Structures are given as structure tokens and as C-alpha cells.
Amino acid sequence: MPELPEVETIKRELEPLLVGRKFAAVSVCDTKIVSPLTVEGFQAELVGQGIEYLRRRGKYLFLHLSSGKCLMVHLRMSGALLFDPPQPQSHVRLIFFLDNGSKLVLVDRRRLGVVSILDSEKPVENRLGPEPLEPDFTTTEFSRRLQGRKAPVKAVLLDQKVVAGIGNMYADEALFKARIHPLRPAGDLSPQEIQRLFSAIRSTLRSAIENKGASVDTYQRPGGEPGTAHFNFKVAHCGGEPCPKCGTPIQRLLIRNRGSYFCPTCQKD
DNA sequence: CATTGTCCCTGGAAGC
DNA sequence: TGCTTCCAGGGACAAT
């Protein structure tokens, strides 16, 4: 499930392969993914367009086109962008043919992924909070965004308007590292806890990027390789296993219908 | 505005 | 063995 580190990895690895290329043709294998555009409308926006640069914002990926518009891609749960896959793939939704004979294939087993053509990043930007690894994300800013919120801190971390790019796995990992129980009301955290969580979010995401993302489900990099970040997971998807710090079995509970993993000893209520 | 619940979607696992 | 049911979860959206 691509979260910030996975999308960042995909962006970095696709960048040298795509920038400077042109779209020669586009095959739409699943018309739902380009909705509300028609197949013809989607193709008309892309064919002949050059790819000038790539940008990631939260879990969104943008390919900026020579027309000034951009192709927005959100992979959601099961999407992947594969560059020149050697084997025929199942669940192919879109094929982008480039002017050098290469192709970029969007596969998405569960069909939750979203693709659209936008005039700018603005509509997405307006829905997102700060980038957790950029300088404008500070403890003061983070603290201000948690202020007064009564919802569980785990739920608030998943709110993309608070911080962009954190998903279920990295929220659990950051809370464990900061030793904070996922059900604590976000607005009740002490300044020390906010500082710990702030640092934990950043170090968890940075380390995951260094490890090229976590291949827990269907995530694969554009060349088909897995990431290795999941080998460092302490709690995420580790229900029943002993906590690496104290040996207590990792517990799982549902918060807003999201499976949440934590150590009941290290993360006190 | 903050918060909560529902829906989308499908392959694999679990249950009968 | 074969069928049905449940589950994973990001984010848009509606309701309160």
C-alpha cells in the first residue's frame, strides 16, 4: 500500500526514465480509472505531450506536461506503476507508450487507484497539510494542528489535512517509536510527546525512503523490485509477535475501521 | 469546523 | 472439496 515513502521511491526511480520523454499513445484497459473523462478525452490530453518534471505531494504523484497541465496518479491500496515489465501483467488498467518505445504500465488489482488530468496541483494542494519532511513542517506547526482535537491521535495522523502522506503502517510505527498509545486524544499530548511524535514521524519516513518503501502487500517499484522497509517494522502488521523492546505481544485494535498495531506496555494509555 | 460512518473494490484467507 | 463470508484500507462524501 503506497504511502509517502513508497510514492517517493516510485517518483525517484521513474524520474530519469520519464523526464524528457513524450507520450506516443495511451491504452485505457479499464475505463473506470479515467472517469469522468472519456477514453478519447484522456488520450487527447496526453498523446504528443512531453513530460517535463515529476512531483510528489503526500501520496499523490504528478507528471507535469508540456501543455502546462499535469497527470495526477494516486495508487491507493493496490496500484503500481511498472516500467517495461518483462512479463505480461494481470490487472492492467492503463498503458502509457513513450516515444522511445518504452512503456509505463499502471496495474491495480483492487481498482481503487485514481488518475486524472488537472490544470495544476492546486485542487490536491488545497486538501493537504504540510509535507512532513519539508522545513515548513515544524513542531510548532504540528502542535497547532493537533490542538483541540479530541479524536484518537492515530486517526488524526491519518488525516491528510494534518500531515500529508502518512498511512496506516507508518502511523503505527511512528506512535510506537514515540511511545504513545494510538487511542490518546490528539489534543491531550504533552509538548514532550508532540516533540517525540514529530521526530518519530520524520525518522520513520526517512528510514523507509532509504529502504525504498515497504512491500507488505502488492507494492513494487517501477522495475518490479520490492522495498525492504517492512523488515524494520516493529509493530505494523506484527499482531501477536513479541515487542522488540519488552517482549509483550503486539496487540491489534480497530480505530476508525483501520487495524492498529501497538505494544500495550511501551505505549501506555 | 470536527467527527464519524459508508462506500468503493477484489483476491486470498477463514469458516462451514 | 467447494461454497460463502469476511477482511485489507485511502480518501471522497454525507450526516450529525
Side-chain angles (χ1 to χ4, degrees), chain A residues 1-10 29-37 56-62 72-81 89-94 106-116 118 121-129 131-132 142-175 182-189 201 205 208 213-220 229-230 233 235-240 250-262:
Chain A
M1 30 207 100
E3 305 182 19
L4 185 153
E6 288 74 28
V7 182
E8 180 65 24
T9 301
I10 292 166
C29 311
D30 178 8
T31 57
K32 173 189 177 283
I33 199 163
V34 297
S35 156
L37 287 182
R56 179 196 57 76
R57 182 74 172 89
K59 303 171 196 170
Y60 293 81
L61 180 67
F62 299 95
M72 182 275 274
V73 179
H74 195 303
L75 298 169
R76 295 276 186 101
M77 298 302 300
S78 59
L81 284 167
Q89 301 288 314
S90 23
H91 314 299
V92 172
R93 307 300 170 199
L94 286 170
L106 180 93
V107 296
D108 186 4
R109 198 178 71 184
R110 280 155 69 181
R111 301 177 74 203
L112 292 169
V114 172
V115 160
S116 67
L118 301 176
E121 297 183 9
K122 194 86 180 297
V124 171
E125 182 63 37
N126 292 341
R127 293 197 292 266
L128 296 179
E131 277 296 313
F142 186 42
S143 174
R144 203 178 60 73
R145 286 168 183 272
L146 299 183
Q147 189 101 45
R149 300 202 51 163
K150 294 177 176 158
V153 60
K154 168 70 187 285
V156 173
L157 286 182
L158 295 181
D159 182 345
Q160 302 297 297
K161 288 195 294 297
V162 174
V163 188
I166 301 175
N168 203 38
M169 308 180 295
Y170 295 111
D172 284 352
E173 287 301 308
L175 286 167
L183 283 176
R184 288 277 303 285
D188 287 0
L189 298 186
I201 288 168
L205 295 177
S215 291
V216 294
D217 193 7
T218 57
Y219 166 72
Q220 38 182 337
H230 53 294
F233 282 177
V235 292
H237 297 101
C238 300
I250 298 302
Q251 277 186 17
R252 177 179 184 274
L253 58 83
L254 280 183
I255 301 176
R256 289 265 231 292
N257 273 329
R258 304 294 191 254
S260 300
Y261 299 88
F262 68 104

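Naming convention: chains lettered A, B, ... in sequence-line order (proteins, then strands); numbering from 1 in each chain. Being a predicted model, the structure only gives us computed values, none of them experimental.
Nucleic acid contact class of A:M1 (heavy atoms, under 4.0 Å, all strands): sugar-phosphate only. Across all strands, A:K161 comes closer than 4.0 Å to no nucleic acid atom at all (heavy-atom distances). Residue A:R258 is in base contact, counting any heavy-atom pair closer than 4.0 Å across all strands shown.
Atom CG of A:L157 is separated from atom C1' of C:dG9 by 16 Å (rounded to the nearest Å). What separates CG of A:D30 from C1' of B:dC8 is a distance of 13 Å, to the nearest Å. One atom, CG of A:L112, and another, P of C:dC7, lie 17 Å apart when rounded to the nearest Å. The CG-P distance, from A:N126 to C:dA12, rounds to 12 Å in whole Å. Computed from coordinates, the A:D159 CG to C:dC13 C1' distance equals 14 Å when rounded to whole Å. The CG atom of A:N257 sits 18 Å away from the P atom of C:dA12 (whole-angstrom rounding). Rounded to whole angstrom, the span from the CZ atom of A:R127 across to the C1' atom of C:dG10 amounts to 12 Å. Protein atom NE2 of A:H91 is 12 Å distant from nucleotide atom C1' of B:dC9, rounded to whole Å.
Side-chain contact check for A:D108 versus A:D30: every heavy-atom pair is 4.5 Å or farther apart. Between A:L118 and A:F62 the shortest side-chain heavy-atom distance falls below 4.5 Å.
Among the nucleotides C:dG10, B:dT3, C:dA12, the one closest to the side chain of A:M77 is C:dG10. With distances taken from any side-chain atom of A:K150 to the nucleotides C:dA12, B:dC8, B:dT3, the minimum falls on B:dT3. Of the candidates B:dT4, B:dA2, C:dA12, C:dA12 carries the atom nearest the A:Y60 side chain, counting heavy atoms from C-beta on. Side-chain proximity of A:P152 to the nucleotides B:dT4, C:dG11, B:dT3 is greatest for B:dT4. For A:R256, taking side-chain heavy atoms from C-beta onward, the closest of the listed nucleotides B:dT3, C:dG10, B:dT4 is B:dT4.
Comparing A:R110 and A:V156 by the nucleotide of DNA chain B that holds the closest heavy atom to each, the one mapping nearer the 5' end is A:V156.
Taking side-chain N and O atoms only, A:H237 has a distance below 4.0 Å to OP1 or OP2 of C:dG9. In this model, the phosphate group of C:dG11 is approached by a side-chain N or O of A:H74 to a distance below 4.0 Å at OP1 or OP2. Taking side-chain N and O atoms only, A:R111 has no distance below 4.0 Å to OP1 or OP2 of B:dC8. For A:K59, a side-chain nitrogen or oxygen approaches OP1 or OP2 of C:dG11 to under 4.0 Å.
Put simply, the side chain of A:E131 gets close to the backbone of A:G58: a donor and an acceptor are under 3.5 Å apart.
With A:V73 as the partner, the side-chain contact (heavy atoms from CB on, under 4.5 Å) test is satisfied by one option alone out of A:L106, A:V114, A:I10: A:L106.
Side-chain contact annotation: A:E3 with A:Y219, donor-acceptor N/O pair under 3.5 Å absent.
Within 6.0 Å of atom NZ in A:K122, 12 or fewer heavy atoms from other residues, nucleotides or ligands are found, so the atom counts as exposed in its surroundings.
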